Structures are given as structure tokens and as C-alpha cells.
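This report concerns only the one structure given below.
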Number of protein chains: 2
Amino acid sequence: MTAVAAKDTRNEDKHRAILRAAEELFMQNGYATTSMDAIADHAGVSKQTIYAHFQNKENLFVGMMEGMCCRYGYPMECMLGEAQAGKSPADTLSALGMQKLRLIALPDAMGLFRLVISESTRNPELGRIFYEQGPKFTNKLLSDLLDAYVKAGTLKISNTSAAAETFYAMLCQPLHLKLMIGVDVDTSEKALKQHLDEVVTRFIKAYS
Amino acid sequence: MTAVAAKDTRNEDKHRAILRAAEELFMQNGYATTSMDAIADHAGVSKQTIYAHFQNKENLFVGMMEGMCCRYGYPMECMLGEAQAGKSPADTLSALGMQKLRLIALPDAMGLFRLVISESTRNPELGRIFYEQGPKFTNKLLSDLLDAYVKAGTLKISNTSAAAETFYAMLCQPLHLKLMIGVDVDTSEKALKQHLDEVVTRFIKAYS
DNA sequence: CTGCGTTTGGACTCACCAGTCCATATATGT
DNA sequence: ACATATATGGACTGGTGAGTCCAAACGCAG
């Protein structure tokens, strides 16, 4: 008798294909303008299969959004080890900062943000999930680091949580806004590095 | 013979009513989910009247968005005289900053932002118009002021344009994000003032 | 009062879409 | 091979919505 039985993965494969198709189409066209027929076509499944997996359109949307939000903070968390290795504040901020810049410029991240902004009024839970898995999480990572620097006497910050928010705001907001609304902005590695350096310099000056 | 003839204003009145109804409903429900029938009802006109004034739904939407964008920078421009009266950087930044905080928290401003974010991929002109009448304009106002302080030797800023962006990012982004996605945030006058003071302090320290 | 621009209510066409139903096919596990 | 879970293609229902058409009403200006 075999210890591990073979397993029918049709369910999972189809489920994944549906979610992936939903991601692409919802992000591309928005919630209201994306039809279940289109998602079915894109996923290579029948519409009835979607309804076998998800109760309705909204249920698919929320499931998809939760999945995407869960993936949001992951890359930043992976950076944490690297950033902790006894480095100076400037080095730490630079490493985390560059990672954050790259993250917000990802098409998926931008698509997710767009959906949250446009759909969170009619489904407020989306905003909460997005915030907790995303900004709140990444801010916490940074504020913990800042706490360590404060304890070591390197920086003077009374509210590291607000300071972390401030750092990411300085770093990301101008670029993010332009990307989101399609205004020309230089996203070359050189330009990003320059901006990052300037922000790190100013931030440290402001908090030391 | 009278110098000024009476004038039929039905056109203008209806036109305005249509635009106002469009604003409210598009902001409330998004573009795709708002029907022309609903706008007609809300404006108190017949649907055919809308089509007598606007070629189609998209045309109405763009006209409405342009009208709203034109109103975006106006309050900030009005602040300009006040802010210039030989004040210190801190006082100037505080005055402009508080005005900006109030502006971004206006339901109309938030609704406009939401529409720009969600609709600018399919109509890129919206992003451009919004950016130029809004952020770019208000940033220019501030960077001109910063230029004056730099010339007077009060602040040390090599790129006032970027610095203006940074100031507004520090000031507005954390609050704005939370407002936009419906996360709890303290918007009491006291909390705003406190945040503003902190940001002004840090900004000046970073650039002097 | 008359001419004409503006507006109206209602009906209409055509396309789209969420969700349902159905008979059948397919694939898996025993 | 058989039982059963999963998936399919296609048709369908009922509703919605952009835009059009039409005859008539309304309101303004001269």
C-alpha cells in the first residue's frame, strides 16, 4: 500500500488559472468592465467552471484581491535579513528604499493599487486588507529597524512609526503618483538611485 | 434701445445641472457603473437633453473631469498672497501645508483622484490634465517660494522643485492613502496641526 | 402672436452581461 | 471497468444601458 496516493489536481490547476486570468483582466479593465465570459476565455475554462469554484463575480474578485495583497509585503520581508547586518542607517535605508521603489513600479503592484483605490468605497474590506498586508507591514519592518538605531543613539526619532511613513512617502509618492496617472517620469536605475540617495540624505539629516 | 438684452439661460442652467449630476454620480459609483439615465434623473433633465449638450458619455465624462481639474489648484493659488508676506519658512510652510491638507481631504478632491486613478489608463489625457492643474501647479507655487528663501540664504536647496514635491509627500501621502482606502485615521484639526508641525520641523531641518 | 430653439417623455434597438440550466464529455481513483 | 467528481459548450433568462427616434410641449425673443 503506497504511503502517498496520487492526487487529482484539476481543481487546483483550474482554480489557479481562474485567479490568474481574473488578476490580469480586472487589473487591465477594472472590475465593472471585466466580464465573467472574458475571464473564462482567458483562463481557458468554461464559465460554469468558474461558478463551480467561486460563488459569484464579487467572490472571485475578493479572493483574487486577497491573494494579491498577501504577495505584497513578501519581497520587503525578504530584504530584512540583508538590511539588518550591522549596517549604517544610510545603507539600510538605501537597501530597503531601492527595493521599495522597484516594488511599487511593478505592473502588478500598480494594478493592485488601482483596483483598491477604485473599488474600496463599495467594498471597504479591500482597503483594510491592502493596507495591512502592504503599507502597514512594510512600515512596521522599517520602524523596527529605526527603533534599533534610536536605541543605539544613531538617530533621534520619537515616533519611528511616523518616521517610517515619512521616509517611504518622501521616497515613493512623487514617483508613484506619476506612474499611476501616466505622467512622464524618469525611471532609469540612475535616476532612481539619485532620488534615493537624496531622500536618504535628507531623511537622516532631518532625524539626527 | 437697451444696452443689454435679456438672454436665454436655459442652455447654461441645464448644462451646469448635467455636469453637477455627472460629478456626483461618477465620483460616487465610478464611470462604468454610472448610467446616463441616472445622470438625467439626477440632473432633472431628459436623457435627450444630455445628448443635446454632450456628444456621448465619454464626452460628458471628459468635460466634467476637465472642469473639476480646473478647480483643483484654485484654493492653493488664493493662499499665495498670504504666504508671501515676508514670513519665515516655517510660517509659510505651515500656512500652505494646512491648506493643502484640507484640500486633499475634500470629498470632491478625493472623488476626483479616485476617478483619475481608475480611468487614466483608458484615457491617458485625464492623467495629464489632472497632474498639470493639480500637483504640478501647487508644487510650482511652493517651489517658487522656496526659491526666494534659497536666494535669501534661509534654506539650502539645490532643487526646489524636488523639495516641494518632497514636502507635500511628507505632509500628505500617509493621510491621503488612508483616506483613499478607508483606513481609520485621525483627521481632527489637532492631529493635522501636530502632523503639520512635525513635518515642517523635519523639512526645515533637512534643508538648512 | 409667431418662429424657432430647447426640452420632454416614452418607446425603441441592439449589445452586453451575471447567473442558471442541461446534457454530455472528460479524467481520476479504485 | 465502473463510479464519481470535474469540466464543457451552448442555450437561456431577465435585466441593464448607450444611443436613437419621434411627436409634442415649452419657453424665449422679437
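Just so it is clear: chains get the letters A, B, ... in the order the sequence lines come, proteins before strands, and each one is counted from 1. The structure displayed is predicted, hence computed values, not measured ones. Side chains are part of it too, since the values below use all heavy atoms of this structure and drop only hydrogens, waters and symmetry mates.
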| So which heavy atom on A/Leu171 is nearest to which on A/His195, and how close? |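 Minimum heavy-atom separation between A/Leu171 and A/His195: O-NE2, 2.8 Å.
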
What nucleotide among [options] has an atom nearest to a side-chain atom of [X]?
X: B/Lys14; options: C/dT8, C/dA18, D/dG17; result: C/dT8
X: A/Gln48; options: D/dT6, D/dT20, C/dT20; result: C/dT20
X: A/Asn11; options: D/dG19, C/dC17, D/dA7; result: D/dA7
X: B/Arg10; options: C/dT20, D/dA18, D/dC26; result: D/dC26

| Want to settle it: does A/Lys47 or A/Ala52 sit nearer the 5' end of DNA chain D, counting the closest nucleotide to each? |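 Mapping each residue to its closest nucleotide by heavy atoms, the 5'-most match is A/Ala52.
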
| Counting just side-chain N and O atoms, does B/His53 come under 4.0 Å of either OP1 or OP2 of C/dT7? | yes

| query | Closer than 4.0 Å, any side-chain N/O of B/Ser46 to the OP1 or OP2 of C/dT8? | reply |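 Yes, within the criterion.
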
| said: Between A/Arg114 and A/Glu119, does any NZ, NE, NH1 or NH2 come within less than 4.0 Å of an OD or OE carboxylate oxygen? | reply: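 A salt bridge is absent here (no side-chain N lies under 4.0 Å from a carboxylate O).
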
Expressed as a whole number of angstroms, how long is the span from [X]:[atom1] to [N]:[atom2]?
X: A/Tyr51; N: C/dC21; atom1: OH; atom2: P; answer: 13 Å
X: B/Asp37; N: D/dT20; atom1: CG; atom2: C1'; answer: 13 Å
X: B/Glu12; N: D/dG27; atom1: CD; atom2: P; answer: 18 Å
X: B/Tyr31; N: D/dG17; atom1: OH; atom2: P; answer: 13 Å

| message | If only side-chain N and O atoms count, and only distance matters, is there a donor-acceptor pair under 3.5 Å linking B/Glu198 with A/Asn159? | response |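 The criterion, which ignores hydrogens and geometry beyond distance, is not satisfied for B/Glu198 and A/Asn159.
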
| request: Give every residue pair that meets the salt bridge (charged side-chain N to carboxylate O under 4.0 Å, His left out) criterion with at least one member in residues 172-182 of chain B, sequence neighbours excluded. | output: A/Glu165-B/Lys178

| said: Need one value for A/Ser35: base, sugar-phosphate or nothing, where a base atom within 4.0 Å counts as base even if backbone is also close, heavy atoms only. | reply: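 Sugar-phosphate contact only.
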
